[in-house]
Amino acid sequence: MADNLLIIGGTGFIGKHLTCAAVKLGFQTIVLSLHEPDGENKVKGAVYLQADITDFNDLSNRLLNIDIKFVINLSGYIDHCSFSEGGDSVIDSHFSGVKNIVKALDVDKLKRFIQIGSSDEYGNLQAPQNETMRESPISPYSFGKVASTQFLQMLNRTEGFPAVILRLFLVYGPGQDHKRFFPQVISGCASGKSFPTSLGEQLRDFCYVDDVTRGILMALMHDDINGEVINIASGIPVTIRKVTETVRILIGQGDPLFGQIPYRTKENMALYADINKANNVLNWKPEITLEDGILRTINFYRTANQES
């Protein structure tokens with residue numbers, strides 16, 4: 001009988017890709033999210049449950065009598081608001097959510113708990129960021145992620161809780177929320193019109209979603225990585241401007257107005273990963289080049305627009 005895999009937040013961008021891949025690998029895949037996805041966003045072969053992870057009673061009742069061997073926690077939204085602008089709820093959705101998930105699980109039956117972290121946990125630390133650096137959060141979102149990381153590592157040290165933290169850098173690919181960088185740039189260029197963007201000097205690390213899901217699923221099968229933090233990224237820095245210009249060239253039109261949008265307050269101008277640990281520990285490295293990944297993403301949106 002196949003092992004039960006619980007994907008929390010499995011209806012989002014990465015979660016849907018991960019659910020597809022997990023079902024293909026033969027996992028009994030259970031997706032838990034706040035809202036039920038519509039039919040076209042459900043993956044055939046997966047079971048869908050709804051619960052609010054910030055409500056322990058709701059969550060524990062939903063997971064009652066389900067034997068869960070593996071958990072991948074993708075819960076919580078990316079939100080860069082300040083603490084005074086709603087940051088308390090952002091922290092709650094990440095840190096309190098993780099605590100509730102841990103309490104609701106039957107730990108004796110659990111083999112691995114993968115927490116999806118964020119490159120934002122590094123804050124403004126010097127690039128390339130590696131896993132030995134002490135985290136330096138600069139927003140409620142990144143603080144919530146750091147608090148979750150420290151909590152799970154504490155549980156691993158003191159109670160043997162089988163947690164692994166995979167710290168993702170910028171993931172992109174088909175089906176991403178329209179508010180994210182790639183869909184916005186693709187849409188702007190596809191319109192053939194002028195659109196505002198930042199000056200684009202930031203160095204960033206983009207990793208295609210299929211490479212990321214492959215790394216996550218590989219981490220499920222490694223028994224000697226509990227308690228570890230591992231970067232999942234391309235390891236190749238590229239400027240936002242270069243990426244924007246690549247999209248424009250591949251689409252063949254568009255007029256990005258560089259410098260029209262200011263940088264975020266205290267934004268790290270060089271955020272890209274050292275991925276040696278992922279190579280050495282997981283035997284993982286990305287396979288999709290940036291240009292190939294961008295082209296696949298453009299083609300997805302072209303097809304989606306034609307069908308709509």
Side-chain angles (χ1 to χ4, degrees), residues 6-15 18 31-35 50-63 71-105 107 113-125 129 131 133-159 161 163-171 176-177 179-181 212 216 227-233 263-268 271 273:
L6 175 65
I7 302 177
I8 303 173
T11 58
F13 162 56
I14 299 174
L18 187 60
V31 175
L32 187 141
S33 59
L34 184 59
H35 304 292
Q50 285 71 54
D52 180 355
I53 64 169
T54 64
D55 182 334
F56 175 72
N57 290 329
D58 184 27
L59 178 64
S60 59
N61 288 335
R62 187 61 64 185
L63 297 181
V71 175
I72 301 172
N73 180 32
L74 285 152
S75 65
Y77 296 100
I78 298 173
D79 188 331
H80 296 294
C81 70
S82 65
F83 185 75
S84 60
E85 295 173 336
D88 191 38
S89 63
V90 175
I91 294 171
D92 192 48
S93 69
H94 288 278
F95 181 47
S96 297
V98 167
K99 289 193 296 179
N100 285 340
I101 293 165
V102 170
K103 289 192 294 181
L105 293 170
V107 178
F113 184 105
I114 294 183
Q115 166 71 5
I116 302 301
S118 169
S119 59
D120 278 2
E121 295 179 59
Y122 291 115
N124 279 308
L125 297 176
Q129 288 80 21
E131 299 88 347
M133 294 176 169
R134 181 180 178 184
E135 297 89 346
S136 183
I138 57 173
S139 69
Y141 167 71
S142 54
F143 172 78
K145 285 293 191 182
V146 169
S148 300
T149 293
Q150 294 286 341
F151 170 66
L152 291 169
Q153 287 189 303
M154 178 275 292
L155 285 180
N156 175 258
R157 287 190 294 267
T158 59
E159 301 179 28
F161 187 78
V164 178
I165 296 89
L166 299 183
R167 199 165 277 164
L168 309 188
F169 280 64
L170 291 180
V171 186
Q176 196 166 22
D177 185 276
K179 295 179 182 179
R180 305 298 294 163
F181 170 72
V212 172
I216 294 170
E228 299 288 345
V229 174
I230 304 170
N231 289 337
I232 299 292
Y263 296 130
R264 290 203 317 265
T265 302
K266 296 186 178 179
E267 182 172 4
N268 191 338
L271 193 61

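Taking all atoms of both residues into account, the shortest heavy-atom contact from A51 to D58 is CA-OD2, 3.5 Å. Of all heavy-atom pairs spanning V107 and V102, the tightest one is CG2-O, 4.4 Å. The heavy-atom pair separating C81 from P140 by the smallest distance is O-CD, 3.1 Å. Contact detail for A104 and L63: the closest heavy-atom pair is CB-CD1, 4.3 Å. The two atoms that bring S75 and N73 nearest to each other are OG-OD1, 2.6 Å, heavy atoms only. Of all heavy-atom pairs between L152 and Q115, the closest is CD1-CB, 3.4 Å.
Of the residues listed (E135, R167, R134), the one engaging Y122 in a side-chain contact (heavy atoms from CB on, under 4.5 Å) is R167, and it is the only one.
The closest donor-acceptor contact from the side chain of K99 to the backbone of S148 lies at 3.5 Å or more, if one exists at all. N61 contributes a side-chain N or O that, together with a main-chain N or O of N57, makes up a donor-acceptor pair within less than 3.5 Å. Put simply, the side chain of Q153 never gets that close to the backbone of Q150: no donor and acceptor are under 3.5 Å apart. Panel note: side chain E228, backbone V164; no donor-acceptor pair is recorded below 3.5 Å.
Note that the CD atom of Q129 and the OG atom of S119 stand 7.5 Å from one another [nearest 0.5 Å]. One finds the CD1 atom of I216 at 6.0 Å from the CD1 atom of I72 (value rounded to the nearest 0.5 Å). Taken to the nearest 0.5 Å, the CG atom of N268 stands 9.5 Å off from the OG atom of S136. To the nearest 0.5 Å, atoms CZ (F151) and CG (N156) are separated by 12.0 Å. Atoms CG and CD1, from L168 and I230 in turn, are 11.5 Å apart once rounded to the nearest 0.5 Å. In this structure, D92 CG and H94 NE2 are separated by 10.0 Å, a value rounded to the nearest 0.5 Å.
Taking 4.5 Å as the limit, some side-chain heavy atom of L32 sits within range of a side-chain heavy atom of I53. Residues D120 and I138 fail the side-chain proximity criterion, which asks for heavy atoms closer than 4.5 Å. When side chains are defined from C-beta on, I14 does not count as touching I116, because their heavy atoms never get closer than 4.5 Å. In this structure, the side chains of F181 and L170 stay at 4.5 Å or more apart for every pair of heavy atoms.
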Let me see the working for V31 and T11 under side chain to side chain contact (heavy atoms under 4.5 Å, CB included), right down to the final yes or no.
CA-CA 7 Å; V31 175; T11 58; 4.0 Å; yes
Start with the C-alpha distance between L271 and F169, add both sets of side-chain angles, then the distance that settles side chain to side chain contact (heavy atoms under 4.5 Å, CB included), and finish with yes or no.
CA-CA 8 Å; L271 193 61; F169 280 64; 4.2 Å; yes
Stepwise, does the side chain to side chain contact (heavy atoms under 4.5 Å, CB included) test hold for L166 with V212?
CA-CA 10 Å; L166 299 183; V212 172; over 6 Å; no
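Open room surrounds CZ on F83; 12 or fewer heavy atoms of other groups in view lie less than 6.0 Å from it.
Ring geometry for F113 versus F161: interplanar angle of 30 to 60°, hence tilted.
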